[in-house]
Amino acid sequence: FRDDAIASYQRDAATGALTASAGVTSTGVPDLFRPADVVVSPDGTSLYSIGGLQPNGSMLAFVRDVGTGALTHQQTLRPGVDGVSGLSFPQAIAVSPDGQFVYVASRGSEGIGVFRRLLDGHLEFVISYFDTPAPGDVFDGIDFASAIAISPDGRFVYVFGTELVWMQRSAATGELSLPQRIAAGATGPCELAIDAAHLYLATYNDNGAARHSALLAYDRDPTTGALTLLEEKSDLTGTDSVDGAVSVALSPNGRSVYVAGYQDDAVTVFTPEPGAGSSALAALAVLALRARRR
């Protein structure tokens with residue numbers, strides 16, 4: 001973010017060790033300014049970055065060499081050009097599992113931008129959805145949108161703003177249905193992680209006396225997309241090391257949930273407690289803390 005750069009590392013598949021390789025900076029790509037999030041397309045041939053964190057944010061498309069990871073700047077999209085909207089203070093970006101559409105959650109726009117991904121990786125603006133102050137606003141809940149995730153089957157898009165919102169997605173057009181929403185209990189820096197049956201929200205609200213951090217685990221109905229809260233791990237429930245929970249990630253098998261605690265200088269892993277039962281719901285409802293702090 002502060003270096004106006006995207007760093008690239010080669011990963012040793014056997015050890016996990018990282019070796020720096022060629023990334024990109026604003027010296028070579030002047031449009032690259034304050035990148036806030038990056039995502040790689042499912043086929044590995046494209047990388048997309050959002051940045052600016054200003055009223056006129058931007059989204060950059062890069063061609064990615066699948067062998068070396070090297071990036072070549074391909075396209076820059078900005079509000080007001082070619083019909084683009086919904087890029088004011090962009091916060092998070094996601095690509096649909098089929099690789100056909102890219103979605104951007106923007107805090108300033110209080111909305112979601114939808115872009116079609118063409119065969120060569122270029123992006124084409126489709127539509128934006130906004131949380132407007134007008135009476136009868138049907139997209140209420142996506143104001144201050146700062147996290148976005150798409151279900152593995154591509155059927156639903158989840159966004160966290162002032163509330164946790166989910167919408168059905170058209171695979172053909174990329175467009176979204178009217179949202180359903182539930183209160184999540186906090187606002188601020190956050191991140192979503194999702195698998196076939198669950199969704200996790202790491203959120204951190206540092207608002208004086210109202211300061212509150214949490215990892216929220218939800219059961220996810222794969223048919224309707226509906227969420228049911230299973231568990232909250234937070235400072236209020238006696239869980240140490242999640243103060244400043246700003247990032248969450250899942251292991252590939254979904255059996256471990258990792259949370260970065262900004263204020264606690266900690267990374268905590270939550271795992272199902274032994275003997276909790278064989279069903280995913282029962283196991284997630286009794287998440288147990290397994291942490292080592294240094």
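In what follows, every heavy atom counts, from backbone to side chain, and hydrogens, waters and symmetry copies are set aside.
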Flag, side chain of Asp82 to backbone of Val84, donor-acceptor distance under 3.5 Å: no

Nearest heavy-atom neighbours spanning Phe115 and Val104: CE1-CG2, 4.1 Å

Side-chain heavy atoms of Tyr200 within contact of Glu191, under 4.5 Å: no

In one Ile/Leu/Val/Met/Phe/Trp/Tyr side-chain cluster, 4.5 Å: Leu32, Val38: yes

Closest heavy-atom pair and its distance - Gly121, Ala61: O-CB, 4.3 Å

Where Ala172 and Arg116 come nearest, the two heavy atoms and their spacing: O-NH1, 3.8 Å

Steps toward side chain to side chain contact (heavy atoms under 4.5 Å, CB included) verdict (Tyr158, Met167): CA-CA 7 Å; Tyr158 295 81; Met167 297 147 284; over 6 Å; no

Pairwise side-chain contact, Asp219 with Leu227, heavy-atom cut-off 4.5 Å (strictly under): no

Side-chain H-bond candidate by donor/acceptor type, Ser106 with Ser88, under 3.5 Å: no

Side chain to side chain contact (heavy atoms under 4.5 Å, CB included) evaluation trace for His122 with Gln74: CA-CA 7 Å; His122 275 86; Gln74 182 181 36; 3.2 Å; yes

Whether Ser251 side chain and Ser256 backbone form a donor-acceptor pair below 3.5 Å: yes

Within one Ile-Leu-Val-Met-Phe-Trp-Tyr cluster: Phe89 and Val81, side-chain cutoff 4.5 Å: no

Interatomic spacing from CZ in Arg107 to CZ in Phe144 - rounded to 0.5 Å: 6.0 Å

From CZ (Phe62) to OG (Ser41), nearest 0.5 Å: 13.5 Å

Residue pair Asp221 / Thr223: nearest heavy atoms and the distance that separates them: OD1-N, 2.8 Å

Steps toward salt bridge (charged side-chain N to carboxylate O under 4.0 Å, His left out) verdict (Arg169, Asp98): CA-CA 12 Å; Arg169 187 184 79 90; Asp98 60 10; 3.5 Å; yes

Contact summary for Pro97 and Pro42, nearest pair of heavy atoms: O-CG, 3.5 Å

Ionic contact status for Arg220 with Asp195, cut-off 4.0 Å: no

Hydrophobic cluster membership, Leu60 vs Val114, 4.5 Å side-chain cutoff: no

Approximate separation, where rounding is to 0.5 Å, of Ser151 OG and Trp166 CH2: 13.0 Å

CD1-OG1 distance between Ile127 and Thr173, expressed to the nearest 0.5 angstrom: 8.5 Å

Shortest non-hydrogen contact between Ser58 and Asp31, atoms and distance: OG-O, 4.3 Å

Worked verdict on Leu215 versus Phe270 for side chain to side chain contact (heavy atoms under 4.5 Å, CB included): CA-CA 10 Å; Leu215 169 66; Phe270 294 89; 3.5 Å; yes

Contact check, side chains of Leu87 and Arg78, non-hydrogen atoms, under 4.5 Å: no

Asn253 atom CG, neighbour heavy-atom count above 12 within 6.0 Å: yes

Test item: Ile112 and Leu176 side chains (from C-beta on) under 4.5 Å apart, heavy atoms: yes

Test item: Arg155 and Gln168 side chains (from C-beta on) under 4.5 Å apart, heavy atoms: yes

Beyond-backbone contact of Val40 with Arg64, side-chain heavy atoms, under 4.5 angstrom: yes

Lys/Arg N to Asp/Glu carboxylate O, Asp3 vs Arg34, below 4.0 Å: no

Between CZ on residue Phe101 and CD on residue Glu124, distance to nearest 0.5 Å: 9.5 Å

same_hphob_cluster(Leu229, Leu199) at 4.5 Å side-chain heavy-atom cutoff: yes

N/O donor-acceptor pair under 3.5 Å between Ser8 side chain and Gly23 backbone: no

Side chain Thr203, main chain Cys190, donor-acceptor under 3.5 Å: no

Gap between atom CG of Asp37 and atom OG of Ser49 - 0.5 Å precision: 8.0 Å

Validation row: Ile148, Leu192 side chains within 4.5 angstrom (heavy atoms): no

Co-membership, hydrophobic cluster, residues Val165 and Tyr103, 4.5 Å side-chain: yes

Side chain to side chain contact (heavy atoms under 4.5 Å, CB included) between Gln100 and Leu118, worked out: CA-CA 7 Å; Gln100 300 300 305; Leu118 306 181; over 6 Å; no

Beyond-backbone contact of Ile194 with Phe156, side-chain heavy atoms, under 4.5 angstrom: no

